[in-house]
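First the structure, in the form of structure tokens, and then the observations on it.
By convention here, the first residue in the shown sequence is residue 1. Please read these numbers as outputs of a predicted model, since none were measured by experiment.
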Amino acid sequence: MAIIPLDLLDRIRALERQVRELMGSANTSPARNQVSSGEIVIGDGGRLRVRTPAGEDLLYLGRVAPDREGDTPQQGLVVRRDDGSLALTVWTASPDTLPVQSVRILDRRGNVVVADDSVRRGLARPYIPYPLPGPAATARWESTGSTEWTTLYRGPGIVQHPRLHCRIALEGPAGAEVRLLVNGAQVGPVGSATAEDGTPVDEFLLVEEVAVDFDAPVVLEVQARVAATGDTVRCLPLALYGVQS
């Protein structure tokens, strides 16, 4: 029997090991449930569809029904809760009469609670009230001649935003001031009826953070005072909005 050098046997064993590794890798499919880099593209009228274990649709992203005129696919987004109710949509149910898609958020009963206006601009829902017009004659505004802070206006509110935008019209002599209170605490600086150079100021603008928890009920107050006995300050709240940071 011929003698085979040991180094040649080692090489044969290494080749066999490499062949086994190659055969194993060829029969192993890469994981298809994740994308570590790059992107996934769904085109040509396709869509992403997510279902619950029970087979109920949760999400459509891409082609949604109904199609537009001429069988042109409508591209949009439909998100449902796991009970089947609509939660969020970017689509139009009537492409022929209302071609512009609206962004809508719905409650569990199917009521649209937030939507943009698909005809012009801005919001369609919810309806946001404008401040009610007040008396133009300053003589009909609430007034005080007290040198102590006096509440002239009071009302309830619910905090939904981190800051308040407040505008107050005022008329009074030098030293007269107004301020806004939330739950008895002053918000921001006071407003003066005269500027530093002594010219009259007919409006006070305040945009300040509200140190109150979200959705908390509050009491809003507008107070005023004068600097000297015998003077009178009058004021009228013009606007009070919650605004973003």
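A 6.0 Å sphere centred on OH of Tyr130 holds no more than 12 heavy atoms belonging to other residues, nucleotides or ligands. Residue-environment remark: CG (Leu15) exceeds the threshold of 12 foreign heavy atoms within 6.0 Å. Counting non-hydrogen atoms of other residues, nucleotides and ligands closer than 6.0 Å to CG of Asn111 gives a total above 12.
Proximity of Thr92 to Arg68: side-chain heavy atoms (C-beta onward) are separated by under 4.5 Å at one or more points. Contact of the Thr229 side chain with the Thr147 side chain is registered, since non-hydrogen atoms from C-beta on lie closer than 4.5 Å. Contact annotation: the side chain of Phe204 never approaches that of Cys166 to less than 4.5 Å [non-hydrogen atoms, C-beta and beyond]. Here the side chains of Ser192 and Val190 are not in contact, with every heavy-atom distance at 4.5 Å or above. Glu208 places a side-chain heavy atom less than 4.5 Å from the side chain of Pro189. Side chains of Leu240 and Leu164 form a contact here, defined as non-hydrogen atoms less than 4.5 Å apart.
Annotation: side-chain hydrogen bond (donor to acceptor under 3.5 Å, both in side chains) contacts of Arg121 (sequence neighbours excluded): none. Listed by chain and number, the residues in a side-chain hydrogen bond (donor to acceptor under 3.5 Å, both in side chains) with Asp117 amount to none (sequence neighbours excluded). Residues satisfying the salt bridge (charged side-chain N to carboxylate O under 4.0 Å, His left out) criterion with Glu203, sequence neighbours excluded, are Arg167. Residues passing the salt bridge (charged side-chain N to carboxylate O under 4.0 Å, His left out) test with Asp57, sequence neighbours excluded: Arg49, Arg51.
Distance CZ/Arg80 to OG1/Thr52: 11.5 Å, rounded to 0.5 Å. Rounding to the nearest 0.5 Å gives a distance of 6.0 Å between CG of Asp67 and CG of Asp71. The CD atom of Gln101 lies 9.0 Å from the OG1 atom of Thr89; values are rounded to the nearest 0.5 Å. Rounding to the nearest 0.5 Å places CG of Asp83 at 10.0 Å from CD of Glu56. Remark: Arg163 CZ to Gln244 CD distance equals 8.0 Å, nearest 0.5 Å. Taking CG of Leu220 as the reference point, atom CG of Leu181 lies at 9.5 Å (rounded to 0.5 Å).
Smallest separation of non-hydrogen atoms from Pro173 and Thr232: CD-O, 3.2 Å. The two residues Leu77 and Val64 have their closest heavy-atom pair at N-CG1, 4.3 Å. When all heavy atoms of Val218 and Val212 are compared, the closest pair comes out as CG1-CG1, 3.8 Å. Nearest heavy-atom pair, Ala193 versus Gly172, reported as atom, atom and distance to 0.1 Å: CB-O, 3.5 Å. When all heavy atoms of Asp116 and Ala124 are compared, the closest pair comes out as O-CB, 3.6 Å. Across all their heavy atoms, Val243 and Pro162 have their closest contact at O-CD, 3.4 Å.
Clustering ILVMFWY residues whenever any of their side-chain heavy atoms sit less than 4.5 angstrom apart, transitively, puts Val90 in a cluster other than the one holding Leu86. Cluster membership check: Val103 shares its hydrophobic cluster with Val79, using side-chain heavy-atom separations under 4.5 Å among Ile, Leu, Val, Met, Phe, Trp and Tyr. Hydrophobic clustering of Ile, Leu, Val, Met, Phe, Trp and Tyr side chains at less than 4.5 Å, counting indirect connections, keeps Val222 apart from Leu205. Following chains of ILVMFWY side-chain contacts shorter than 4.5 Å, one can reach Val112 starting from Val78, so the two form part of one hydrophobic cluster. Placement of Val187 and Leu238 within a single hydrophobic cluster is found when ILVMFWY residues are connected by side-chain heavy-atom separations under 4.5 Å, directly or transitively.
Under a 3.5 Å cut-off, the side chain of Asn183 and the backbone N or O of Val219 do form a donor-acceptor pair. Between the side chain of Trp141 and the backbone N or O of Pro135, at least one donor-acceptor pair lies under 3.5 Å. No donor-acceptor pair closer than 3.5 Å links the side chain of Gln18 to the backbone N or O of Arg20. Distance alone, capped at 3.5 Å, places no donor-acceptor pair between the Ser102 side chain and the Arg104 backbone.
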Return all side-chain donor-acceptor pairs below 3.5 angstrom for residues 151-160, not counting sequence neighbours, or 'none' if the list is empty.
| residue | atom | partner | partner atom | Å |
| --- | --- | --- | --- | --- |
| Thr151 | OG1 | Glu221 | OE1 | 2.8 |
| Thr151 | OG1 | Gln223 | NE2 | 2.9 |
| Tyr153 | OH | Glu142 | N | 3.2 |
| Tyr153 | OH | Cys235 | O | 2.8 |
| Arg154 | NH2 | Glu221 | OE1 | 3.3 |
| Gln160 | NE2 | Asp215 | OD1 | 2.8 |

Test log, rule side-chain contact (heavy atoms from CB on, under 4.5 Å), inputs Glu69 and Asp96: CA-CA 7 Å; Glu69 292 184 3; Asp96 53 342; 4.0 Å; yes
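Within the structure, salt bridge (Lys or Arg N to Asp or Glu O under 4.0 Å) pairs that include any residue of residues 225-245 comprise Glu177-Arg225 (at least two apart or interchain).
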